[in-house]
Amino acid sequence: MKKKNKIERLRNIGIIAHIDAGKTTVTERILYYTGRSHKIGEVHDGEAVMDWMADEQERGITITSAVTSCQWSGHEIQLIDTPGHVDFTIEVERSLRVLDGAVGVFCAVGGVEPQSETVWRQANKYQVPKLAFINKMDRVGADFFGTVEQMIEKLKAVPLVMQLPAGIEDEFRGVIDLVDMRFVVWDDDSLGAHFEAVDIPEQHLEDAQKYREKLIETVADNNDRIMEAYLADEPIDRAELLAAIRKATIDLELVPVLCGSALKNKGVQPLLDAIVSFLPSPLDLPPIEGQAPDTKKTIACPPRDNHPLAALIFKVSMIEGRKLSFVRVYSGKLEAGKEVFNATRGRKEKLSRILRMHANKRERLDSAGAGSIVGVVGLKEASTGDTLCSAQHPVVLEDIEVYEPVISVAVEPKTHSDQDKLEQVLAKFLAEDPTLSVKQDQDTGQMILSGMGELHLEVIVSRMQREFNTQVNVGKPQVVYRETIANQAEAEAVFDKEVAGSSHFAGVKIRVIPNERGAGNSFRCTAEPSVIPEEFVAAIEKGVMESLAAGALMGYPVVDVKAEVIDGEFREHHSTELAFTVSASMACREALAAAEPYLLDPVMEVEIYVPEEYMGEVIGDLNSRGGKIEGIEAKSGLQEIKAIVPLARMFGYSTSLRSATQGRGTFSMRFSHFDKI
């Protein structure tokens, strides 16, 4: 009973938002008010506990998601502070994959910004219940109700306004609690640690009653018992109302909305109360399901310590040269010094240590039960997305989706000693970050590093020098293009050779046809089995896919092509899988070369915020870059320009935008699609 109680009182949550909405500041206040840290760390001073990397402190942004835990009202909150920059969106993706709830932080001035939409969609994908905290109510231009409206328009959410701000901008004094109908005001002398609930001031009473009525109406729409009491004009019991809000939040029907100013130490304690009241424990959610590796049978993994182990590695970090795996335990128990089975790789490994994490500080544990998020040392082979379980009860949990890199740089070591280190250092970064890739260019011999954006690659190069003392020269970023074809074409090839004393023969005729944009590649064999026996079709497909990996034009991967085997030649005792693979590859390459191949550019979705007086110059600059304006909208005193622009033309755009707007313009971009420009 005690163990169940412990899991019931556990909250695994993430703080998600657009860059500069105040996620890390909110997290720092949470740590201070829960007693986890004894000093408030400020992002602008480079002293935030959760932004512990040197690059984070210098740049004032979160780069890597940091894990910590704290206690509030008898509940344990395991918390992940995630980055807001689009270049590090994999950190948000893999955190949301293992979390039970999330707090979306919105800037009251900026409203629902572009990356807020992205992280909200990621949370929806994993069906994560959410709270919203509208931050920066003290800032000039703060608009609480405007942000709530944007949640409806942009996020398609159903916000449940649970608090009203008492004043805005310089007049922001506290919040009005619409459940208890009290005015909550903070004491500035105690850095917001002390607050009191008093009667609602007369000037705010009418608004408070109006929005209390709206709150009851919104909850009643999702709860029959509250609806009956509301229609009968009966008083609604507080506990019953809170239980109805909790159920609607966990069922993804409502998003409770709170407000405050984390920097001014107002509004954080009610947010903590809302986290424990409305976000789920592991027991409130359906058990995660995996598959048996051999039979593919679905296996449920309930959050119980006495069930077989099922845990997911959602992140790998190289800290001080050692591999640290971050693990979410869904079912069963991890024990230090014991063996675990990595079902994804089919290997047994030994856990040397289990660690409770507090950003980059660690505390050793003997074991970790269901619902825990911990660091694990000793797993040599494991990587992001792997499942740990017991060898007697193997299970594979769903992998974590990763994104394709869109931008590349050439890196080369500065000295001979750096040459020896570079490959090892890059291997460590690749283990840490699935959105990073490294390859050797066959034509130039250059080492090409690819990632999610300029900032992403800049941080990797900085960390190489800072953490591993590896000096590199960096070439101009190169765009990762794709190739496709304009027309249908056919080609045939015959492979007839003696290899290692054995005769190998095969003939294949292939037709390539353009596919719809974004449809991907497909393969089929329509040749008669008498011409090409069925056992060789897989070998032909392998040859075709190998040839599609490097196009005829410039060697980039080929996309959106249908490859069809229409004829072939087969000789009894002489035809082999090797011969069919080689001949299929030759025929496919020849057909691609004849089908008018052309390049596809990665196209970015760009959102730019500029004061109106700079609009003409900014739009002119976008047009000169081959951009297409998709919409312009007035928003919080700024103009929001939405455009799609080829990535190749966006290098150095941040500098151009700053100079065109005297530093007042901001932009964000994310990958949209590949297209012919």
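Residues: numbered from 1 along the sequence shown.
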> Can you check side chain to side chain contact (heavy atoms under 4.5 Å, CB included) on D496 and R571, steps first, answer last?
Replying inline: CA-CA 11 Å; D496 186 5; R571 283 186 198 159; 3.9 Å; yes
Can you check whether [X] reaches [Y] side chain to side chain, under 4.5 Å on heavy atoms?
X: I510; Y: I566; answer: no
X: V561; Y: N515; answer: no
X: C389; Y: N342; answer: no
X: V340; Y: L334; answer: yes
X: V329; Y: K333; answer: no
X: M554; Y: Y481; answer: no
X: M464; Y: V472; answer: yes
X: V512; Y: I485; answer: yes

Looking only at heavy atoms, what is the nearest atom pair of [X] and [Y], with distance?
X: P293; Y: A343; value: CG-CB, 4.4 Å
X: K323; Y: K380; value: NZ-O, 2.9 Å
X: S503; Y: H574; value: OG-ND1, 3.1 Å
X: M650; Y: V645; value: SD-CG1, 3.7 Å
X: P303; Y: A370; value: C-CB, 3.6 Å
X: L592; Y: S547; value: CD1-O, 4.2 Å

> Would L457 and L449 satisfy side chain to side chain contact (heavy atoms under 4.5 Å, CB included), going step by step from the backbone distance to the final call?
Replying inline: CA-CA 8 Å; L457 296 179; L449 180 65; 4.0 Å; yes
Under 3.5 Å, side chain of [X] to main-chain N/O of [Y], donor-acceptor pair present?
X: S352; Y: V377; value: yes
X: S575; Y: F505; value: yes
X: T344; Y: T387; value: yes
X: S372; Y: V374; value: no
X: T484; Y: V559; value: yes
X: N487; Y: A595; value: no
X: S585; Y: T581; value: no
X: E483; Y: A550; value: no
X: S462; Y: E458; value: no
X: K414; Y: E412; value: no

Is the NZ or CZ atom of [X] positioned over [Y]'s six-membered ring, under 6.0 angstrom from the centre and within 45° of the axis?
X: R328; Y: Y330; result: yes
X: R97; Y: F314; result: no
X: K315; Y: F326; result: yes

Reported [atom1]-to-[atom2] distance for the pair [X] and [Y], which is rounded to 0.5 angstrom:
X: K562; Y: F523; atom1: NZ; atom2: CZ; answer: 14.5 Å
X: I513; Y: D560; atom1: CD1; atom2: CG; answer: 13.5 Å
X: T384; Y: D399; atom1: OG1; atom2: CG; answer: 9.0 Å
X: S95; Y: I80; atom1: OG; atom2: CD1; answer: 4.5 Å
X: L388; Y: R345; atom1: CG; atom2: CZ; answer: 11.0 Å
X: L553; Y: E596; atom1: CG; atom2: CD; answer: 11.5 Å

Could you check whether atom [atom1] of [X] has more than 12 heavy atoms from other residues, nucleotides or ligands sitting under 6.0 Å from it?
X: E535; atom1: CD; answer: yes
X: Q127; atom1: CD; answer: no
X: R517; atom1: CZ; answer: yes
X: K154; atom1: NZ; answer: yes

Between [X] and [Y], does any side-chain N to carboxylate O distance fall below 4.0 Å?
X: K676; Y: D601; value: no
X: E490; Y: K509; value: yes
X: R524; Y: E564; value: yes

>> Apply side chain to side chain contact (heavy atoms under 4.5 Å, CB included) to residues H504 and E498 and explain how you reach the verdict.
In response: CA-CA 6 Å; H504 295 266; E498 197 170 292; over 6 Å; no
[X] and [Y]: side chain donor to acceptor below 3.5 Å:
X: R511; Y: T526; answer: no
X: H307; Y: S331; answer: no
X: N124; Y: K156; answer: no
X: N12; Y: D100; answer: yes

> How are the rings of F570 and F580 set to each other: parallel, tilted or perpendicular (split at 30° and 60°)?
Replying inline: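 Ring orientation of F570 relative to F580: parallel.
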>> Under the criterion side chain to side chain contact (heavy atoms under 4.5 Å, CB included), I'd like the reasoning laid out for V603 against F674: C-alpha separation, chi angles, the key distance, then a yes or no.
In response: CA-CA 6 Å; V603 176; F674 284 99; over 6 Å; no
